[in-house]
Amino acid sequence: MKPLAPLLPVNGENLTIILNWQSAGNAAEEAPEVTHFGPTLERWYERHRRDLPWRHTTDPYRIWLSEVILQQTRVAQGLPYYLRFIEAYPTLVDLARADERELLRLWQGLGYYSRARNLHQTAKLIADTKQGQFPDTYHELLTLKGIGTYTAAAVASFAFGERVPVVDGNVYRVLARVFGIEEDITTTQAKKTFAALATRLMAHAVDPATYNQAIMEFGAIQCTPVAPDCLLCPVQQQCRAYLTGRQHKLPVKKKKAPVRERFFTYFVFRRGEGEAAQFALRERTQRDIWQNLYEFYGTETDEPAPNWRSVDVPGEANNLVEAGVLVGPAIAEQQLLSHQRVKAFFYEIALPEADKTALPEGLRWFTRADVEQLPKPVLITAYFEKQFG
DNA sequence: AATACGGGGCA
DNA sequence: TGCCCAGTATT
């Protein structure tokens with residue numbers, strides 16, 4: 001390992017080295033934080049590591065089993081399951097010969113049950129076609145059911161010492177903070193960024209297995225999602241997030257906005273025929289989507305309305321509905337917004353040209369030409385084009 | 001590129 | 001409640 005640089009340059013040579021880091025001429029060289037990061041974490045790990053059963057073995061079967069159990073699962077939750085599985089199936093062949101129902105029974109309560117099925121399938125494959133020999137490279141491991149990039153890297157490094165970095169939720173968090181990466185970690189581009197950085201860091205690790213364990217353990221108990229322990233952090237002074245007070249803002253993760261489903265029922269009141277026809281519309285004034293746009297008379301329901309009779313028509317429109325006749329079946333239109341899916345059902349109601357029934361408050365008659373000029377939601381335009389265009 | 005897939009712990 | 005957890009497979 002390289003000796004740490006003295007705090008102050010003791011001669012011109014050191015000063016030159018420091019200045020060179022700032023210059024563009026050294027683009028090929030790594031910044032000190034990149035080269036020291038791994039070894040620093042490895043030292044931290046030897047002092048702070050938790051004593052966990054899968055850390056006492058290099059048996060690929062046990063490593064694999066623990067990693068699958070721990071996918072999207074906290075250690076505290078997965079640990080008892082791991083112990084029960086090892087007791088029930090001490091070896092890969094035991095697992096391969098297991099009854100699937102019994103296996104799923106043991107998995108009960110852990111969630112993500114496809115993990116258990118894939119576990120069984122992969123165990124059988126290795127037992128039956130590979131003479132029980134666990135694949136020993138990252139790329140071979142990747143081909144197995146239930147083993148993705150994370151688990152392949154974990155097994156390859158922990159069991160076989162391969163120099164390949166794990167990139168899990170902990171790693172995203174630690175790297176985003178230490179290196180001040182503001183990319184949204186849910187994007188494909190960010191995954192590439194983090195994987196590339198992780199690979200560069202791994203190149204400087206003393207021991208691949210220890211380094212991988214270290215960065216995850218560091219994320220789990222020091223660089224935690226909330227309330228990270230920055231005051232006692234070994235990389236505090238190299239951490240971009242800490243130095244800029246942004247540790248609570250990183251990593252950036254776009255929260256998926258749940259798509260709200262909304263159901264609109266519209267009554268398309270039409271007075272007269274053809275070019276002379278008039279349509280009743282009103283402006284949306286409420287603080288909601290489509291504010292100040294024009295739409296037909298209607299109501300919103302929590303569920304799709306089975307038919308127009310089931311819709312609770314406000315009393316003010318009863319006279320209008322009774323004065324006309326329903327024309328044809330309902331027309332359905334749908335519009336996707338960023339956070340909403342609006343499904344609309346249109347019921348056309350024809351009235352005599354000379355009808356004088358009073359309109360509800362806000363509703364007004366518009367000729368076809370007028371309707372064209374009104375600002376309308378795409379949903380309304382689509383319907384109008386389809387029926388009268 | 002988005003989404004389904006679980007259940008538990010914690011603020 | 002919403003977020004997050006030693007992610008992967010599928011659409």
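Reminder, nothing fancy here: chain letters follow the sequence lines and each chain counts from 1.
Salt bridge absent: Glu182(A) and Lys249(A) never bring a charged side-chain N and a carboxylate O closer than 4.0 Å.
Legend: residues meeting salt bridge (charged side-chain N to carboxylate O under 4.0 Å, His left out) with Arg117(A), ordered by chain and number and at least two apart, are absent. Tyr81(A) meets the ring pair (Phe, Tyr, Trp, His ring centres under 6.0 Å) test with no other residue; sequence neighbours excluded. Shown here are the salt bridge (charged side-chain N to carboxylate O under 4.0 Å, His left out) partners of Lys191(A), two or more places apart in sequence or in another chain: there are none. With sequence neighbours left out, Phe37(A) forms a ring pair (Phe, Tyr, Trp, His ring centres under 6.0 Å) with Phe179(A).
Between the side chain of Arg55(A) and the base of dA6(C), at least one donor-acceptor pair of N or O atoms lies under 3.5 Å. Donor-acceptor pairing under 3.5 Å, judged by distance alone, is absent between the side chain of Tyr150(A) and the base of dG7(C).
In this structure the side chain of Glu333(A) never reaches within 4.5 angstrom of the side chain of Ile380(A), judged on heavy atoms. Side chains of Leu70(A) and Trp54(A) form a contact here, defined as non-hydrogen atoms less than 4.5 Å apart. Residues Phe85(A) and Leu106(A) form a side-chain contact, since some pair of their non-hydrogen atoms from C-beta on lies under 4.5 Å apart.
Nucleotides dG2(C) and dG6(B) have their C1' atoms positioned 16 Å apart, rounded to a whole Å. Only the P atoms considered, dA6(C) is 15 Å distant from dA11(B), to the nearest whole Å. For the C1' atoms, the distance from dC5(C) to dC5(B) is 14 Å, rounded to whole Å.
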Sequence neighbours excluded and cut-off under 3.5 Å, please list the side-chain donor-acceptor pairs for residues 125-132 of chain A, or say none.
unit_1	atom_1	unit_2	atom_2	d
Asp128(A)	OD1	Arg97(A)	NH1	3.4
Thr129(A)	OG1	Leu125(A)	O	2.8

Output a table of donor-acceptor pairs, distance under 3.5 Å, between side-chain atoms of residues 230-237 of chain A and any protein atom two or more places apart or on a different chain; print 'none' if there are none.
unit_1	atom_1	unit_2	atom_2	d
Gln236(A)	NE2	Cys230(A)	O	3.0

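Contact check of residues 153-172 of chain A against DNA chain C (heavy atom, cut-off under 4.0 Å) returns Asp168(A), Gly169(A), Asn170(A). Annotation: proximity of residues 135-147 of chain A to DNA chain C (heavy atom, distance under 4.0 Å) is found for Leu144(A), Lys145(A), Gly146(A), Ile147(A), numbered in ascending order. Scanning residues 64-73 of chain A for heavy-atom distances under 4.0 Å to DNA chain C yields Glu67(A), Leu70(A), Gln71(A), Gln72(A).
Between the side chains of Glu183(A) and Thr193(A), at least one donor-acceptor pair of N or O atoms lies under 3.5 Å.
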Grab the N/O contacts between the protein and nucleotides 9-11 of chain B below 3.5 Å, and write none if there aren't any.
none

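Within 4.0 Å of Thr187(A), counting heavy atoms only, lies no atom of the nucleic acid at all. Residue-level contact check: Trp107(A) touches neither bases nor backbone, having no heavy atom under 4.0 Å from any strand.
Sorted by first and then second residue, the pairs that involve residues 204-219 of chain A and meet salt bridge (charged side-chain N to carboxylate O under 4.0 Å, His left out), not counting sequence neighbours, are Arg50(A)-Glu217(A), Arg55(A)-Glu217(A). Under the side chain to side chain donor-acceptor pair (under 3.5 Å) criterion, the residue pairs touching residues 103-113 of chain A are Arg105(A)-Gln108(A), with sequence neighbours excluded.
The shortest distance between the side-chain N/O atoms of Tyr113(A) and the OP1/OP2 oxygens of dG7(B) is below 4.0 Å. Checking the phosphate oxygens (OP1, OP2) of dT8(C), a side-chain nitrogen or oxygen of Thr149(A) falls inside 4.0 Å. Contact check, Thr151(A) against dT8(C): a side-chain N or O comes under 4.0 Å of OP1 or OP2.
Here the P atom of nucleotide dG8(B) and the CG atom of Leu79(A) are 16 Å apart, to the nearest Å. Leu110(A) places its CG atom 17 Å from the P atom of dC5(C), with the value rounded to the nearest Å. Spacing between atom CZ of Arg115(A) and atom C1' of dC5(B) amounts to 10 Å, rounded to whole angstrom units. One atom, CD of Gln77(A), and another, P of dA6(C), lie 11 Å apart when rounded to the nearest Å. Computed from coordinates, the Tyr45(A) OH to dA6(C) P distance equals 14 Å when rounded to whole Å. If you take OH of Tyr112(A) and P of dC4(C), they are 13 Å apart, rounded to a whole angstrom. Between the CD atom of Glu217(A) and the P atom of dC5(C) there is a distance of 15 Å, rounded to whole Å. With rounding to whole Å, Ile221(A) atom CD1 is found 20 Å from dC4(C) atom P.
Among Lys386(A), Arg271(A), Arg270(A), the one residue that satisfies the salt bridge (charged side-chain N to carboxylate O under 4.0 Å, His left out) test with Glu348(A) is Arg270(A).
Each of Gly111(A) and Thr188(A) was assigned the nucleotide of DNA chain B with the nearest heavy atom; the assignment lying further toward the 5' end belongs to Thr188(A). Both Gly148(A) and Arg173(A) sit near DNA chain C, but only Arg173(A) has its closest nucleotide nearer the 5' end.
Here the side chain of Asn118(A) pairs no donor or acceptor atom with the backbone of Lys145(A) at under 3.5 angstrom.
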